[in-house]
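We number each residue from 1, following the sequence as shown. When reading the values below, keep in mind they use all heavy atoms of this one structure, side chains included, and skip hydrogens, waters and symmetry mates.
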Amino acid sequence: MISIMKAERLKWKKTFIPKLVWLAPIVAIVLTALLMGGKFFQSGAYNFWYTLLLPGALTICCTLVVEKDAKLKYHSILAMPIDLKKIWFGKILTCSAWLLVTTLIFFVSISASGVLFGTSYSLTSSFTGSSVIFLTLLWQIPFCLFLAEKLGTYIAILINLVGNMAGMIAFANGDFWYSVPYAITARLICPTLEILPNGLLVPEGSPLLNTWVIAPGILIALVWFALISFLTARWFQKREAK
């Protein structure tokens with residue numbers, strides 16, 4: 001599996017993916033500094049990050065991964081004596097590593113920027129929030145890879161961004177957030193970073209601050225990640241018959 005991941009990384013050399021890993025968090029920091037700054041800098045940056053910039057960057061990463069092989073009509077992959085499930089899982093794990101790195105870059109950047117603008121969160125709270133975002137967005141990787149392969153780059157980006165926005169607005173603050181994968185991240189950010197999907201702070205005493213949802217929410221998101229990864233790997237494996 002490690003060799004497959006290394007091969008995937010080699011394909012990234014002449015793509016936008018390596019630049020995107022640091023560009024996305026930097027854009028989030030700079031955009032927030034220009035628009036907000038002050039004591040709401042960190043909460044504003046986190047809101048831009050998990051609602052729009054990170055899902056968008058992750059979708060672009062996944063679509064570029066698929067696009068690289070699609071241009072060659074998967075001939076190089078199909079010619080290899082390797083189970084196509086492993087190839088697909090390799091793509092998922094490589095994109096997961098990309099997500100982890102960009103999440104860590106954002107965490108370090110937001111923590112360092114707090115020195116200039118003041119801190120809204122302790123390092124522990126910030127690390128917890130970043131970890132929640134990383135774990136609850138993992139399921140979007142196999143889903144976006146699948147969308148990009150079936151529908152193309154632009155449709156995949158559109159569907160995932162609309163899904164993220166709709167999930168947060170319509171379900172994150174409701175009773176059935178756990179049934180909509182797109183709503184899980186926003187719901188768990190409420191007790192961890194005390195931010196509503198609209199960027200406002202969660203009112204004091206709100207039931208949205210209850211921390212009991214964090215562990216079940218992460219578990220549900222990881223189940224979605226495993227399930228979608230397995231189903232899309234089975235689908236990708238059928239390419240052997242083509």
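No more than 12 heavy atoms of other residues, nucleotides or ligands shown are found within 6.0 angstrom of NZ on Lys86. Within a 6.0 Å radius of CZ in Phe171, no more than 12 heavy atoms belonging to other residues, nucleotides or ligands are found. Within a 6.0 Å radius of CG in Asn210, other residues, nucleotides and ligands contribute more than 12 heavy atoms. Under a cut-off of 6.0 angstrom, the local environment of CG in Leu123 is sparse, with at most 12 non-hydrogen atoms contributed by other residues, nucleotides or ligands.
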> Checking side chain to side chain contact (heavy atoms under 4.5 Å, CB included) for the pair Phe40/Leu201: CA distance, chi angles, key distance, verdict?
Replying inline: CA-CA 10 Å; Phe40 296 113; Leu201 298 180; 4.1 Å; yes
>> What verdict does the side chain to side chain contact (heavy atoms under 4.5 Å, CB included) test give for Thr185 and Leu137, after you've listed the backbone C-alpha separation in whole Å, the side-chain angles of each residue and the deciding distance to 0.1 Å?
In response: CA-CA 7 Å; Thr185 303; Leu137 286 184; 3.7 Å; yes
>> With side chain to side chain contact (heavy atoms under 4.5 Å, CB included) as the criterion, how do Cys190 and Leu209 come out once you've worked through the C-alpha distance, each side chain's angles and the decisive distance to 0.1 Å?
In response: CA-CA 6 Å; Cys190 291; Leu209 294 174; 5.7 Å; no
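Listed by chain and number, the residues in a side chain to side chain contact (heavy atoms under 4.5 Å, CB included) with Val30 are Ile26, Leu34 (sequence neighbours excluded). Scanning for ring-ring contact (aromatic ring centres under 6.0 Å, His included) contacts around Phe127 gives Phe107, with sequence neighbours left out.
Under the 4.5 Å side-chain criterion, counting only non-hydrogen atoms from C-beta, Lys150 is not in contact with Ile155. Counting heavy atoms from C-beta outward, Ile218 and Ser131 have side chains that stay 4.5 Å or more apart. Residues Phe134 and Leu104 are not in side-chain contact: their nearest non-hydrogen atoms beyond the backbone lie 4.5 Å or more apart. The shortest distance between side-chain heavy atoms of Phe176 and Val180 does not fall below 4.5 Å. Considering only heavy atoms from C-beta on, Ile110 stays 4.5 Å or farther from Tyr121 through its side chain.
The backbone N or O of Trp98 sits nowhere less than 3.5 Å from a side-chain atom of Thr102 that would complete a donor-acceptor pair. Although no hydrogens or angles enter the test, the distance criterion places a donor-acceptor pair under 3.5 Å between the side chain of Ser122 and the main chain of Ser125. For the pair Ser206 (side chain) and Val202 (backbone), a donor-acceptor distance under 3.5 Å is absent. Between the side chain of Tyr46 and the backbone N or O of Ser126, at least one donor-acceptor pair lies under 3.5 Å.
Criterion: ILVMFWY side-chain heavy atoms under 4.5 Å apart, direct or through other members. Under it, Val223 and Leu99 are not part of a common hydrophobic cluster. In this structure, Leu219 is not a member of the same hydrophobic cluster as Val213, with clusters built from ILVMFWY side-chain heavy atoms closer than 4.5 Å. By the criterion of side-chain heavy atoms lying less than 4.5 angstrom apart, applied directly or through intervening Ile, Leu, Val, Met, Phe, Trp or Tyr residues, Leu158 is not grouped with Leu151; the two fall into different hydrophobic clusters. Cluster annotation: Tyr182 is not connected to Leu208 through the hydrophobic network of ILVMFWY side chains, with a link wherever side-chain heavy atoms come within less than 4.5 Å.
Nearest heavy-atom pair, Cys95 versus Val65, reported as atom, atom and distance to 0.1 Å: SG-CG2, 3.8 Å. Counting all heavy atoms, side chain and backbone alike, Pro207 lies closest to Arg187 at O-NH2, 3.8 Å. The two residues Ser109 and Ile105 have their closest heavy-atom pair at OG-O, 2.7 Å. Nearest heavy atoms, Leu20 versus Ala57: CD2-O, 3.3 Å. The two atoms that bring Glu67 and Thr153 nearest to each other are OE2-OG1, 3.0 Å, heavy atoms only.
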Taking only distance into account, with no hydrogens and no angle test, what donor-acceptor pairs under 3.5 Å do side-chain atoms of residues 139-147 form with protein atoms, sequence neighbours excluded?
{"residue": "Trp139", "atom": "NE1", "partner": "Thr136", "partner atom": "O", "Å": "3.1"}
{"residue": "Gln140", "atom": "OE1", "partner": "Asn160", "partner atom": "ND2", "Å": "2.8"}
{"residue": "Gln140", "atom": "OE1", "partner": "Asn164", "partner atom": "ND2", "Å": "3.4"}
{"residue": "Gln140", "atom": "NE2", "partner": "Asn164", "partner atom": "OD1", "Å": "3.1"}

Under 3.5 Å, sequence neighbours excluded: what are the donor-acceptor pairs made by side chains of residues 192-199?
{"residue": "Thr192", "atom": "OG1", "partner": "Leu188", "partner atom": "O", "Å": "2.8"}
{"residue": "Thr192", "atom": "OG1", "partner": "Ile189", "partner atom": "O", "Å": "3.4"}
{"residue": "Asn198", "atom": "OD1", "partner": "Leu200", "partner atom": "N", "Å": "3.0"}

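One distance of note links CE of Met168 with CG of Asn47; it measures 8.0 Å at 0.5 Å rounding. To the nearest 0.5 Å, the span separating CG on Leu58 from CG on Leu138 amounts to 8.5 Å. Note that CD of Gln42 is 10.5 Å distant from OG1 of Thr32, once rounded to the nearest 0.5 Å.
Here side chain to side chain donor-acceptor pair (under 3.5 Å) pairs that include residues 216-234, with residues two or more places apart or in two chains, are Trp88-Thr232. Judged as a ring-ring contact (aromatic ring centres under 6.0 Å, His included), the pairs with a partner in residues 48-68 (not counting sequence neighbours) are, in order, Trp49-Phe106.
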